[in-house]
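Since the model is a prediction, treat every value here as computed from it, not as a measurement.
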Amino acid sequence: MFELLTRVSLDDLAACRQVSAQWRRLTYEPAFGPQHCRRRADAVVSGYFVQGLARNRYTATFVSMTQTHPVSLDFLPCEHVRVDAVSAHRGLACCVDADADAAARMGGKASSDRCYYACRPATRQWLALPNPRLRFPTAATAMVARPASAGAGAAADFKILRLSVATLRDRLRCEIFDSRRGVWRRSAEVMVWPESLVAAGPATRAHGAMHWLRWPDRLTGAEDIFAFDMKSETWRLIGLPPEIEDRAERWARMKLVTVEGKLCLVVIVDDEAEVWVIAGYGMQQERWEKKMVVRLKSLTVQEGSELVLGDLCSSEVAFFNTVYRVVWYDFWKGKIAEVPVHHKCIQEVFKYESDLVPWDIDENKI
């Protein structure tokens, strides 16, 4: 069964994970991802976009430990590109012309000049989108796309969530772009301190919702997880595990990730990484459980520089970034791969997977 599953397409793989617990477990084994890419090297792109900011210029680079197909953002019709969000399905990304965005907020750019783009880097296709209300600074962005298995004609269906800082700076403005309608629409305001999300980084998708770690709330002093359900367009706050609430400097040592489709929190304390998984998500008995503890001392000594956790590829393999390179590391076997990058400091890491089937774009809707 493992051999068969390594030969299915990305969209079929998402459907296969719903068949049984055994199939789901097989597709999340550490060896599955690399094997799946090698078996379908002509049809699957899998890796990460790593984004840095230097001299007020954003640059995003695609990295992969198995990929030979070149992926970049140089096909977009602007010189200064900022990646704001990446969807878990269909290989779509939401990118922004950073110069035009900054000019629009300062009133120096006409609102009719589009600076938001939905694109598919694997097939080098893009679509200009109407602008949201650019005079309100962006706090957080997320993107979801419907998998092909959801039905015929759904190839281009996607949603973009943009949370921005309201005029009073005590709440978040919520705007949603739906590709089926082709326009941004205003949704209910979110009564959350805006600055608590500004530096939260890319959203973590799990259980049908987008999640961000929050800075301490200025009003309540709380640190928690902000969750926004993309279907119902509702939000809630999720508390952190009680066991870690009293640890000093915990924000700089925590990372939200998705492991086997479940929301997880990685807490790095000294040379140990604790992985917490949320059980009973959205239910009355929702609780955090410690999944495992991994020692990182050998990795730190081996690399000779500070490593920053970017993602958990699986329960056993992590993606780290450091100065001018990224590393895939198996907790039990050691380093798997290393790729040099031109970023001295990486601010954001976006998981990216896509097939090479051309995107069926309906420009008449936009």
For [Y], does its backbone N or O pair with a side-chain atom of [X] as donor and acceptor, under 3.5 Å?
| X | Y | value |
| --- | --- | --- |
| W23 | Q18 | no |
| R24 | E260 | yes |
| R90 | A145 | no |
| E233 | S187 | no |
| R181 | F177 | no |
| Y116 | P130 | no |
| H69 | V45 | no |
| H36 | V8 | yes |
| Q51 | V83 | yes |
| E175 | R133 | yes |

Listed partners of F136 passing ring pair (Phe, Tyr, Trp, His ring centres under 6.0 Å), at least two apart: none
query: Which residues pass the salt bridge (charged side-chain N to carboxylate O under 4.0 Å, His left out) test with E79, sequence neighbours left out?
result: none
Does [X] share a hydrophobic cluster with [Y], counting links as ILVMFWY side-chain heavy atoms below 4.5 Å and allowing steps through other members?
| X | Y | value |
| --- | --- | --- |
| L309 | V259 | yes |
| M254 | V349 | no |
| Y329 | V317 | no |
| F75 | V81 | yes |
| V341 | F62 | no |

What's the shortest heavy-atom distance between [X] and [Y], and which atoms?
| X | Y | answer |
| --- | --- | --- |
| R17 | T27 | NE-OG1, 2.9 Å |
| L312 | A318 | CD2-CB, 3.7 Å |
| G91 | P121 | O-CD, 3.5 Å |
| V294 | W332 | CG2-CH2, 4.5 Å |
| H343 | V50 | NE2-O, 3.5 Å |
| T123 | V357 | CG2-O, 3.7 Å |

Do the charged groups of [X] and [Y] touch, with an N to O distance under 4.0 Å?
| X | Y | result |
| --- | --- | --- |
| R25 | E29 | no |
| R287 | E289 | yes |
| R82 | D99 | no |
| D355 | R120 | yes |

message: The test is side-chain contact (heavy atoms from CB on, under 4.5 Å); show your working for K255 and V308 and say whether it passes.
response: CA-CA 10 Å; K255 177 73 175 178; V308 179; over 6 Å; no
Close side-chain approach of [X] to [Y], heavy-atom, < 4.5 Å:
| X | Y | answer |
| --- | --- | --- |
| V339 | W328 | yes |
| F32 | S314 | no |
| K344 | Y324 | yes |
| L240 | L213 | yes |
| F158 | C94 | no |
| H207 | T258 | no |
| L134 | C115 | yes |
| F49 | L73 | yes |

Find the distance between [atom1] ([X]) and [atom2] ([Y]) and round it off to the nearest 0.5 Å.
| X | Y | atom1 | atom2 | result |
| --- | --- | --- | --- | --- |
| R205 | M230 | CZ | CE | 9.0 Å |
| L356 | S9 | CG | OG | 12.0 Å |
| L163 | T141 | CG | OG1 | 7.5 Å |
| R214 | E223 | CZ | CD | 9.5 Å |
| D330 | I336 | CG | CD1 | 4.5 Å |
| I278 | W288 | CD1 | CH2 | 4.5 Å |

message: Is the terminal nitrogen or CZ of K351 (NZ for Lys, CZ for Arg) located under 6.0 angstrom from the six-membered ring centre of Y48 and within 45° of that ring's axis?
response: yes
Other residues, nucleotides and ligands only: do more than 12 of their heavy atoms fall within 6.0 Å of [atom1] on [X]?
| X | atom1 | value |
| --- | --- | --- |
| D74 | CG | yes |
| M283 | CE | no |
| K262 | NZ | no |
| Q284 | CD | no |

Check against side-chain contact (heavy atoms from CB on, under 4.5 Å), L127 and Y117: CA-CA 6 Å; L127 179 65; Y117 300 93; over 6 Å; no
- prompt: Should F319 and V326 be marked as a side-chain contact (heavy atoms from CB on, under 4.5 Å) after you check the CA-CA gap, both sets of side-chain angles, and the distance that decides it?
  reply: CA-CA 7 Å; F319 176 77; V326 296; 3.7 Å; yes
task: I would like to know whether M143 and M210 meet side-chain contact (heavy atoms from CB on, under 4.5 Å); could you show each step before the answer?
output: CA-CA 9 Å; M143 186 178 193; M210 297 297 180; over 6 Å; no
field: Aromatic ring proximity, centroids under 6.0 angstrom, W235 and F228
entry: no
